[in-house]
Student: 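To start, I am sharing the structure in question, which I have written as structure tokens.
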Amino acid sequence: MIPLEYELALAGILFGIGIFGIIYRKNAIIVLMSVEIILNAAIMNLVAFSSYAINPITGDPGGQVFAVLAIAIAAGEVCIGLGIYIVYFRSRKDINLEEATRLR
Amino acid sequence: MEWDLVWFLALAIIEIVGSVAVVLSRKLVHSAFWLAVTLITMSGIYILLKSEFVALIQLLVYAGAVPILFLFGIVLTRRGEEE
Amino acid sequence: MLIDFPIISSILIVSLLGTLLIYLFPAGDRGTKWFAVLLSLVPLALSTVLLLGIVAPGSVELTSISAGGQEFLAYEKAEWIPQAGISFEFGVDQLSGPLVFLTSLLTTLGMIFSWGEKHRTKEFFAMLLFMQATVAGVFVSLDLFLFFVFWEGGLLPMYFLIAVWGGPKKKYASMKFFLFTQAASLLVLLGILVFYWMSGTFSIVEILNQGQVIPLGLYTDLLFFALLLGFGTKLPMVPLHTWLPDAHVEAPTAGSVLLAGVLLKMGGYGLIRFNVQMLPGVSDGLYVLVAVIGIVSIVYGAFVCLAQDDLKRLVAFSSVSHMGFVTLGIGAAMLGGSKLAMAGAVFQLFAHGLISAALFMIAGALGHNVGTRLISKLHGAAKRIPNTAGFMMVAFMASLGLPGLVGFVAEFTVFLGVYEGFEAFFGSGLWVLIPAVAIVITAGYYLFAMQRAMFGPEEEDAGEMKDLHSFEILPLAVLMFFIALLGILPYLLFDPILGWVGGLV
Amino acid sequence: MFEYALLIVAAPLVAFLLIIIFGRWTRQGGAAIAIAALGTSFIVSVILFAQVLGLGALGAPVSEEVFKYNWIGPIEFGLLIDNVSALMMVLVSFLCLIIGIYSLGYMAEDKSKTRYYAEFVLFTAGMLGTVSANNFLQFLIFWETMGLCSYLLIGFWYEKSEAASAAKKAFMVTRVGDMLLLIGIMAIFASLGTFNIVEIQARGIPAGALMHVIPLLLFAGAVGKSAQFPLHIWLPDAMEGPTTVSALIHAATMVKAGVFLVARSFPLVAASDIASITVICIGGFTAIFAASMALVAFDIKRVLAYSTISQIGYMILGLGAAALLFEAGHASHGFTASMYHLMNHAFFKALLFLAAGSVIHAVGTNDMRVMGGLHSKMKITSIAMLFGALALSGIPPFSGFWSKDAILHEVFVAGEMYGAIFTFIWVAGVITAFLTAFYAFRLWFMTFAGKTRGDIHPHESPRVMTYPLIALAVFALISGMLAVVIGGFGHLVTFGGTVHEGTMELLTEIFTSPLTYITLFAAVAGIGLAYIVYCKQRVSSEIFVSTSVGRGMQKLLQNRYYLDAAYRGFALHVGMGIARAADWFDRNVIDGVVNGSAKLGLLVARGSDAVDRKGVDGAVDGIAYVVTGSSNRARARQTGQIQAYIAAMVMGMFVVALIMLIYLSGGW
């Protein structure tokens with residue numbers, strides 16, 4: 001059995017890397033990928049907690065249900081995000097986030 | 001028991017290295033590849049956590065569909081040969 | 001004789017109404033100035049009645065209400081926003097009464113002094129009247145919400161006075177002034193809200209009656225600290241003083257007079273009313289902090305003065321130094337329980353109002369009449385402009401604390417109280433030597449300025465120099481009269497203050 | 001019963017106001033008002049003095065406080081009338097009157113007479129108020145009034161830059177002493193709860209560290225005002241003022257206020273051996289130190305200024321010795337002697353200055369090197385000055401002899417009781433007597449004897465100036481003897497018990513003591529040396545500087561032991577250095593705070609409202625002036641960029657997490 005702390009530490013590290021990517025990279029697609037990494041870290045927490053909760057053999061299925069739901073939503077989010085990028089690219093010929101300040 | 005831990009550590013290292021590579025790669029295509037690696041490794045970890053169903057979904061939806069979507073996005077928003 | 005007439009609201013209404021009425025005059029009308037000055041005499045007369053009611057209760061009797069062992073005179077109350085417990089509630093005591101009088105006096109004198117103002121005269125005088133109303137409002141409000149309204153309102157006329165009638169760097173100076181004081185206002189607002197939450201009322205009278213509204217402990221100390229920063233910026237205390245020199249240098253003379261004379265006093269008033277009266281019993285460390293800030297302000301301000309060439313900047317830094325006596329007095333009074341220190345601090349508010357007004361009038365007059373305020377460019381000017389030099393000498397002597405003038409009374413009582421307080425708290429009163437060094441430095445920078453600007457051989461090719469106009473001499477003479485009167489017979493004002501402080505420390 | 005004493009102080013004060021308001025329209029620029037007020041003060045003080053003496057049956061100290069009122073709170077002001085203050089009031093008002101009359105001639109041609117007389121009477125009021133104050137705070141107030149008048153009168157001819165800087169120097173240096181005095185007074189109040197002099201004298205300072213500190217702080221004030229080492233440097237420069245001012249303020253009255261302060265706080269000084277010894281050492285050292293500098297000065301007024309410092313050193317020395325002996329249970333002869341010397345010195349030093357003023361008025365310069373042979377041209381001045389010089393040198397029966405002898409006698413007694421150090425100071429005092437006689441007659445011979453050295457056309461001064469000289473010359477001759485005739489000065493002023501001596505006993509005591517002859521011999525030797533060198537010129541004055549040691553000494557003395565330069569350097573480099581550093585700090589470092597808040601303001605302004613953009617742009621422009629290159633980058637980052645917002649959000653998250661962590665872990 002892997003100790004819970006290890007799972008959480010790994011999730012935290014992934015989360016940090018994701019945040020770093022969001023802040024550091026200028027390219028919008030990489031930023032979206034970093035968001036995916038963050039989401040993964042979060043889902044992993046769900047799964048990890050569920051497998052350690054209540055019944056050590058089967059775990060708590062609630063966490064897994066949420067994890068599956070989150071995975072589905074994440075996939076959808078990637079579709080929408082990329083869609084926006086493509087539209088944006090058509091109008092601006094660029095998806096550098098430094099230039100994207102029209103919303104200010 | 002011991003082997004679980006060994007597997008986990010190995011997967012975790014791949015995971016971390018992979019995600020760092022996602023963030024730092026100069027080329028977008030490489031990033032997409034490394035993202036796929038990360039997501040696949042993740043499903044391995046889910047198996048270690050005895051959540052086989054989640055691992056399956058992860059493999060199908062995430063590791064299968066998402067990188068492909070990204071590749072489409074990359075291709076469609078490519079501008080010249082810069083990145 | 002008992003006076004049952006709503007004096008305070010009359011003061012405010014007359015000033016506010018006057019502000020509007022002045023706008024009705026056609027631009028460039030010569031009657032505007034007369035109207036403004038004559039109108040400002042009404043609040044002055046009413047404030048004199050208030051002052052008499054405070055310093056000579058035998059001659060004028062005002063309606064009073066007691067609050068937490070202290071009394072507020074000329075008390076008035078009317079509903080405003082009853083749903084939130086906000087009302088028009090006015091009253092003065094020995095702390096605020098003299099300051100209201102000072103506000104009215106300096107407004108009138110500042111108007112007379114600005115008789116020569118040519119640029120947008122109408123608006124200028126309207127702004128001065130508006131300022132009078134807001135600043136007096138701060139001092140007389142017994143409702144925290146109303147207090148804050150006036151407190152914020154006072155920023156506007158000052159901002160415009162600097163931004164419209166100011167010197168070459170007026171934009172920068174006015175913005176700096178506004179940002180600084182606005183940031184300070186936020187902290188004050190925070191403090192007011194905390195008071196409201198803890199006591200359930202905005203009324204100062206009720207809060208004082210409730211006694212210890214805020215439970216002792218960390219929150220009290222934090223609140224004290226926040227209010228200290230808020231009021232300390234206005235005071236100003238080092239290191240939050242940097243807006244002051246710029247604002248003063250750029251402001252028109254009447255603006256400087258009111259800024260130094262009464263706007264700074266709002267900070268001192270707030271410190272005593274909120275931090276001392278309404279927030280008793282915070283930890284000693286904070287009072288030590290206050291005292292240390294006072295000492296640093298006094299000595300640091302004096303040293304910076306020594307290096308200034310612009311007379312207005314010099315006087316501005318001397319304000320930093322002299323307002324340090326207020327902070328030091330408060331700190332020492334709360335540390336050692338010295339009534340004299342607190343009374344000295346209150347007295348210093350009034351004394352410094354008179355002295356700094358005179359100083360800024362002289363610096364301003366030099367700017368108008370001679371064309372420069374730079375000490376290094378005024379060689380031997382005394383021969384050409386003897387009246388200016390004479391008034392400058394008296395004002396400098398008052399400011400450096402020459403006995404027999406009002407500044408000495410305040411400084412001496414603060415030092416005496418500090419000696420007592422430090423002896424009670426630190427075991428030795430001789431620590432007072434550190435701030436006392438400023439006595440020598442203060443004499444140094446004033447005498448140095450006097451010697452270089454006024455004395456010495458006359459410059460051959462100095463440009464035309466005009467001496468004071470008669471409308472400039474009048475306000476200065478009035479100020480000198482008060483400076484000398486309260487220096488020789490300080491008990492007129494000091495004893496009522498001392499009596500009031502007796503219930504505080 | 002002394003209520004009318006208020007008139008003594010009030011008359012000059014009223015005159016001050018009258019002269020300010022009406023002075024320019026009256027004859028002589030208000031001189032008439034001034035003289036009338038000074039005359040009133042003098043007459044009333046004489047009546048008062050007679051009454052005090054009559055009450056006390058010659059000698060028993062009387063003290064009464066009159067005209068009390070509360071200055072602030074519990075602090076009570078009023079007048080204290082006793083032997084010392086009555087004597088001082090007579091002395092001061094007499095000298096002010098005499099010198100006021102002299103000014104009629106001396107200042108006749110000056111344009112700013114009104115200002116002169118206004119400041120003159122204000123000074124008189126200050127001095128009279130100082131000597132009659134019943135508490136130390138009132139004392140300080142009038143003391144500072146004197147300081148102000150001294151400042152204004154030194155800088156009377158402010159067009160001269162030397163006068164302006166001398167005035168500033170005088171005020172600054174005395175201010176250092178005043179600051180310490182102020183703290184001393186506050187310390188007294190803190191430990192006794194009163195400023196009242198009578199009460200303080202009666203109760204004394206409770207034992208402890210303050211017992212030594214307080215008299216020392218008070219003495220520091222005296223050191224500043226009386227120009228004692230190390231705060232003596234202002235007095236020689238103060239000679240830039242009109243000579244009448246030098247005579248009155250910087251010789252006869254104001255500089256004596258320090259001595260008077262020590263006398264008023266005598267029990268406090270006596271209670272502390274450290275303070276007594278400090279007083280003795282400072283007094284003794286100043287006496288010889290200042291006398292040495294007088295040897296090389298060529299400015300006639302500066303010689304007299306150094307002489308004043310030196311003579312006041314004697315008075316301080318006498319008071320210190322008296323304090324030491326008083327504590328050991330002896331009578332306060334030294335106290336009496338010092339006050340005696342104070343009175344005599346006031347007369348003869350005023351005389352010397354006024355005579356010098358007469359000379360300056362006649363020849364138009366201060367430099368003794370161009371004078372000489374004036375005796376034939378201005379006989380009255382010359383004789384008067386000779387009287388003054390004899391009194392200063394201590395030749396009987398002139399006044400200086402009696403009091404100086406009494407002081408040195410007291411110091412010698414202290415030396416016998418307490419050991420070598422005081423004997424050493426006594427020797428210094430005798431050497432000072434020698435030097436004093438030498439420079440006094442060097443001055444007289446250089447000015448009046450021999451032949452005229454420069455191109456000058458002297459003439460005797462008008463009668464309005466010579467009559468005061470004659471009056472003072474008479475006093476220089478008899479003021480010492482008068483006290484002897486009534487059986488010793490102790491009958492007039494003493495501290496503690498009375499002193500009853502007959503005239504003959506006193507004379508016998510003085511003239512049978514070998515000490516008297518030692519001092520006398522020193523003085524005569526000084527005069528003789530001056531006669532040989534400067535009158536007969538049998539020996540050239542060059543022999544003093546013929547050796548390298550002599551030359552070195554001369555250079556050292558002419559540069560006033562380099563103390564002026566040292567102080568100046570300290571003020572310019574250390575004082576102004578700190579000031580410049582503070583100014584730099586304010587302009588550069590504290591404005592960093594401003595930059596920070598300007599940035600904050602920028603952020604708030606930018607984010608607030610697009611409609612408001614135009615109005616805010618004014619602010620942005622103004623602030624951008626302050627915000628230099630670094631802020632440009634910050635601005636680019638923080639406006640409209642999603643990543644910057646995320647970064648901020650994450651940081652906020654961390655802060656929240658941290659707070660929660662601390663909170664959950666259970667403690668602030």
Side-chain angles (χ1 to χ4, degrees), chain A residues 1-3 6-7 9-10 13-14 16-22 24-25 27-34 36-41 43-44 46-48 50-52 56-59 61 63-68 70-72 74-75 78-79 81-83 85-86 88-90 93-96, chain B residues 1 4-9 11-13 15-28 31-32 34-35 38-39 41-43 45-46 48-80 82-83:
Chain A
M1 200 72 189
I2 308 145
Y6 283 39
E7 306 279 339
L10 177 60
I13 291 168
L14 287 181
I17 292 168
I19 290 286
F20 172 76
I22 288 180
Y24 179 74
R25 294 305 299 261
N27 190 298
I29 291 180
I30 302 266
V31 169
L32 202 56
M33 289 182 188
S34 307
E36 292 309 311
I37 293 174
I38 289 175
L39 274 171
N40 252 300
I43 293 167
M44 192 162 106
L46 284 175
V47 176
S50 88
S51 67
Y52 283 89
I57 313 293
T58 60
Q64 296 189 21
V65 171
F66 275 114
V68 172
I71 288 170
V78 170
C79 290
L82 284 171
Y85 282 172
I86 290 163
Y88 187 82
F89 180 76
R90 284 206 185 127
K93 304 290 170 217
D94 191 21
I95 52 165
N96 192 337
Chain B
M1 273 305 200
D4 272 7
L5 202 58
V6 173
W7 276 114
F8 174 78
L9 289 178
L11 287 173
I13 287 167
E15 181 90 46
I16 291 169
V17 171
S19 53
V20 168
V22 169
V23 171
L24 293 182
S25 288
R26 286 286 109 202
K27 290 196 172 172
L28 284 174
S31 285
W34 282 115
L35 184 66
T38 320
L39 296 174
T41 334
M42 187 68 88
S43 83
I45 289 179
Y46 290 162
L48 282 180
L49 287 172
K50 299 189 183 64
S51 311
E52 292 81 1
F53 181 67
V54 182
L56 192 67
I57 299 293
Q58 168 90 3
L59 211 57
L60 285 177
V61 178
Y62 238 138
V66 170
I68 303 298
L69 275 174
F70 269 110
L71 279 179
F72 273 113
I74 291 165
V75 172
L76 286 173
T77 60
R78 177 162 297 183
R79 188 170 54 125
E82 288 166 328
E83 291 218 300

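Within every chain, numbering begins at 1; the chains are lettered A, B, ... in the order of the sequence lines, protein sequences first and strands thereafter.
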Student: Say you draw a straight line from CD of A:E7 to CG of B:L48; how long is it, rounded to the nearest 0.5 Å?
Tutor: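 Separation between the atoms: 8.0 Å.
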Student: Atom CE in A:M33, atom CZ in B:F70: separation rounded to 0.5 Å?
Tutor: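 Answer rounded to 0.5 Å: 5.0 Å.
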Student: Heavy-atom cut-off 4.5 Å, strictly under: side chain, backbone, both or neither for B:L24 against chain A?
Tutor: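 Both backbone and side chain.
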Student: Looking at side-chain heavy atoms only, is the closest gap between A:Q64 and B:S51 below 4.5 Å?
Tutor: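 Yes, side chains in contact.
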Student: To the closest 0.5 Å, what do you measure between OG1 (B:T38) and CD1 (A:I17)?
Tutor: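 Rounded to the nearest 0.5 Å, the OG1-CD1 separation comes to 9.0 Å.
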Student: Which atoms form the tightest heavy-atom contact between A:A67 and B:V54, and what is the distance?
Tutor: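 Minimum heavy-atom separation between A:A67 and B:V54: CB-CG1, 4.0 Å.
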Student: For a quick test of reading the model, state the closest non-hydrogen atom pair linking A:S34 to B:V23 and the distance between them.
Tutor: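 Reported closest heavy-atom pair: OG-CG2, 4.0 Å.
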Student: Do the non-hydrogen side-chain atoms of B:Y46 and A:I43 ever get within less than 4.5 Å of each other?
Tutor: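 Touching, per the 4.5 Å side-chain cut-off.
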Student: I need the residue from A:L14, A:N40, A:I37, A:I13 with the largest number of non-hydrogen atom pairs under 4.5 Å to chain B.
Tutor: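 Heavy-atom pair counts peak at A:N40.
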Student: At a 4.5 Å cut-off on heavy atoms, which part of B:V61 comes close to chain A: side chain, backbone, both, or neither?
Tutor: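 Side chain only.
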Student: For the CD atom of B:Q58 and the CE atom of A:M44, what is their distance to the nearest 0.5 Å?
Tutor: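 It is 10.5 Å, given to the nearest 0.5 Å.
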Student: Sort B:A12 into side chain, backbone, both or neither according to what part of it lies under 4.5 angstrom from a heavy atom of chain A.
Tutor: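 Its backbone and side chain both get close to chain A.
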Student: Heavy-atom pairs under 4.5 Å with chain B: which of A:L32, A:V65, A:I71 has the most?
Tutor: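 Winner by heavy-atom pair count: A:I71.
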Student: Which heavy atom of A:A75 sits nearest to which heavy atom of B:L69, and what is that distance?
Tutor: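 Distance-wise, the nearest heavy atoms are O-CD1, 4.3 Å.
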Student: When rounded to the nearest 0.5 angstrom, what is the spacing between CG in A:N27 and OG in B:S25?
Tutor: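 That separation rounds to 11.5 Å.
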Student: What closest approach, in Å, do B:E15 and A:L10 show between heavy atoms, and which atom pair accounts for it?
Tutor: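 Nearest pair, atom of B:E15 first, then A:L10: CG-CD1, 4.3 Å.
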Student: Any donor-acceptor pair under 3.5 Å linking the side-chain atoms of B:Y62 with those of A:E36?
Tutor: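 The criterion, which ignores hydrogens and geometry beyond distance, is satisfied for B:Y62 and A:E36.
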